[in-house]
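Okay, structure first, notes after.
Throughout, a chain's letter reflects where its sequence line sits, starting with A, and its residues are numbered from 1. All heavy atoms count here, side chains included; hydrogens, waters and symmetry mates do not.
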Amino acid sequence: MIDLRLLRDDPDGLAAALARRGLGPDDLDRIRELDERRRRLVSDLDQTRAEQNQASKAIGQASPDERQGLIDAASALKETVTSLESELREAEAEHTAAAARIPNLPDPEAPDGQEGDGVVLRTFGEKPTFDFTPRDHVELMEAGDALDLQRGAKVSGARFAYLKGEGALLEFALVRYAIDVAMEHGHTPVIPPVLVREGAMYGTGFLPTDAQQIFTTRDDEYHLIGTSEVSLAAMHMDELIDEEDLPLRYAGYSPCFRREAGAHGKDTRGILRVHQFEKVELFSFVHPDASKDEHERILSIEEEVFSGLDIHAQVVDIPVGDLGASAARKFDLEAWLPGQEAYREITSCSNTTDYQARRLKARMRVADGDNVLVHTLNGTALAVQRAIIAVVEQHQREDGTVVVPEKLAPYLGREVLFAR
RNA sequence: GGAGGGUUGGCAGAGCGGACGAUUGCACCGGUCUUGAAAACCGGCGUGCCUCGCGGCACCGAGGGUUCGAAUCCCUCACCCUCCGCCA
């Protein structure tokens, strides 16, 4: 949710910023009308309630003779209050529904454009070259008995897989490595709940918008998280945080569940896009003045994680038209995948400024003045399946074995994978 | 799964239909006193909304209900605690 005060204080600035995201001024005008109606009702209602409170108070002090007459008069006021209340409830529902659809204001520095117009800021690592035809991760891992897609499909259906043997060990090693890097940068490791209640999904903005992406349990009202961003963000929902406790930095490790509705036929091979994957997620709650720096910090952790794995990748500044509703700016890391000869997203980090915090009601106590919303940021330290793909495809050798990156070897306990 | 007890301001803890947005203690902030500090004393000290302001309204776990009036009575839900059962 955006700051609706801007609608009154700086309507033109707001309209200009949102126009970059393709939002017309009509949407804003409508919200402004709804807001005016709402405010009129609030003050009418408050005034009537004040009268009613006065009237009720008088009854308590009245003599028995006067009592009945006063009660009748108060009853009339009560009816007015009740009808104003229902009008207000309706006006507020319409207003918040309309306001919730407004996406976050894009960062002025975020590039213009639509999906595909991302600006490559830099690349790191050396692009691997092969004097043989490189295999993709499915070939490499199946040959190494590290991945079983057939049985994944038999047991759970399409887009499920077993990681086993060295595939499973790779997960443990990558996760622990990524958590160590995150911890060096002040992030506290967390194993969060994976099933959450509706409030957490609404607070983080995944409901109602992404309902079709979310798995929900049948007999209990639980939702499976699509990223630990949900449970990490919701940790400080409805909290008033002391300024000296900020920043709060976490690194959550959890499975993530996504229905991938609408992605039929897309990335069907292997484990690039699956219904269940594991991820180490960075999440920060920061002082509103600090979010820009924090965003750079999180991006640099991501780069450190992947350059430490000797991965070649590019850093992409995502254009305004391709931002999610809550992001003001987003950077992706795209790794080169020799198996498909393309750069593919392996991590992503977003600055959601106060947009997510407003829904979460995550605020910071201000000593002299009004309390303010904190800023929240999230980023992938390491998405296990995609990291595995990048590592095995980029570090493969002609015989189908894979050279383990130097920094990962101690975590894995071996220097070569898939050797016979 | 069964039985009971809870949920009130940063914390502790009163209040159980009308003067309660809430007694009190601690913590915290300011002042007096003091060379300084402590103690003592005095004052302040929740959150949100509406309003240029004065001020008003709402909030005692959440949501509904009864009533002229609810922290207080009734219903539903959530969470916490204790005991029993089951269990990694």
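Taking atom CD of residue A/Glu239 and atom P of nucleotide B/U47, one finds them 15 Å apart after rounding to whole Å. A straight line from CD1 of A/Ile71 to C1' of B/U67 spans 9 Å, rounded to a whole angstrom. Nucleotide B/C50 holds its C1' atom 11 Å from the CG atom of A/Asp35, rounded to whole Å. A/Lys57 places its NZ atom 13 Å from the P atom of B/G18, with the value rounded to the nearest Å. The distance from atom CG of A/Asp238 to atom P of B/G48 is 13 Å, rounded to the nearest whole Å. Atom-to-atom, NZ of A/Lys361 to P of B/C49 comes out at 11 Å; the value is rounded to the nearest Å. Here B/U51 presents its C1' atom at 16 Å from CG of A/Leu41, a figure rounded to the nearest Å. Distance CG (A/Asp9) to P (B/U51): 11 Å, rounded to an integer number of Å.
For B/C49, the OP1/OP2 oxygens have no side-chain nitrogen or oxygen of A/Arg38 closer than 4.0 Å. OP1 or OP2 of B/U51 has at least one side-chain nitrogen or oxygen of A/Arg39 nearer than 4.0 Å.
When the P atom is compared between B/G9 and B/U66, the two are found 28 Å apart, to the nearest whole Å. Spacing of C1' atoms, B/C79 relative to B/C42, comes out at 42 Å, to the nearest Å. Taking the P atoms as reference points, B/A19 lies 9 Å from B/A71, given to the whole Å. Comparing B/G61 with B/U7, their C1' atoms are spaced 6 Å from each other, to the whole Å. Taking atom C1' in both B/C60 and B/G21, the straight-line distance is 8 Å, to the nearest Å. To the nearest whole angstrom, the two P atoms, one in B/U8 and one in B/G63, are 16 Å apart. Across the P atoms, B/G15 and B/U23 are found 14 Å apart, a figure rounded to whole Å. Nucleotides B/A38 and B/C33 have their C1' atoms positioned 12 Å apart, rounded to a whole Å.
Taking the six-membered ring for Trp and the full ring otherwise, A/Phe160 and A/His275 have centroids separated by under 6.0 Å. Taking the six-membered ring for Trp, A/Tyr355 and A/His375 have ring centres at least 6.0 Å apart. Close placement of the A/Phe283 and A/Phe285 rings is indicated, their centers lying within 6.0 Å of each other.
The shortest distance between side-chain heavy atoms of A/Arg397 and A/Val402 does not fall below 4.5 Å. Side-chain contact between A/Leu333 and A/Glu303: present, with at least one pair of heavy atoms (C-beta onward) separated by less than 4.5 Å. A heavy-atom distance below 4.5 Å is not found between the side chains of A/Thr347 and A/Asp332. Residues A/Leu149 and A/Glu142 form a side-chain contact, since some pair of their non-hydrogen atoms from C-beta on lies under 4.5 Å apart. The shortest side-chain heavy-atom distance between A/Leu309 and A/Leu408 falls under the 4.5 Å cut-off.
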task: Using a 4.0 Å cut-off on protein heavy atoms (strictly under), produce a 5'-to-3' string for nucleotides 53-66 of chain B with B for base contact, S for backbone-only sugar-phosphate contact, and - for none.
output: ---BSS--------
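Both distances falling under 3.5 Å, in either a Watson-Crick or a G-U wobble arrangement, place B/A78 opposite B/U7. Pairing of B/A71, defined by two Watson-Crick or G-U wobble distances under 3.5 Å, is not identified with any nucleotide. With a 3.5 Å ceiling on both atom-pair distances, B/C33 lacks any Watson-Crick or G-U wobble partner. Pairing for B/G1 goes to B/C84, judged as Watson-Crick or G-U wobble with the two contacts each under 3.5 Å. Applying the Watson-Crick and G-U wobble criteria (two distances, each under 3.5 Å), B/G46 pairs with B/C59. B/C54 is unpaired under the criterion used here, namely a Watson-Crick or G-U wobble arrangement in which both key atom distances are under 3.5 Å. Nucleotide B/C20 is matched to nothing when pairs are restricted to Watson-Crick or G-U wobble geometry with both distances under 3.5 angstrom.
In this structure, A/Arg37 reaches neither bases nor backbone, as no heavy-atom distance under 4.0 Å exists between it and the strands shown. Using a 4.0 Å heavy-atom distance criterion, A/Arg363 is classed as a sugar-phosphate-only contact. Residue A/Arg8 is in sugar-phosphate contact alone, with no base atom involved, counting any heavy-atom pair closer than 4.0 Å across all strands shown.
The residue among A/Ser43 and A/Leu240 whose nearest nucleotide of RNA chain B is located toward the 5' end is A/Leu240.
Of the candidates A/Glu94, A/Glu90, A/Glu92, A/Arg38 forms a salt bridge (charged side-chain N to carboxylate O under 4.0 Å, His left out) with just one, namely A/Glu92.
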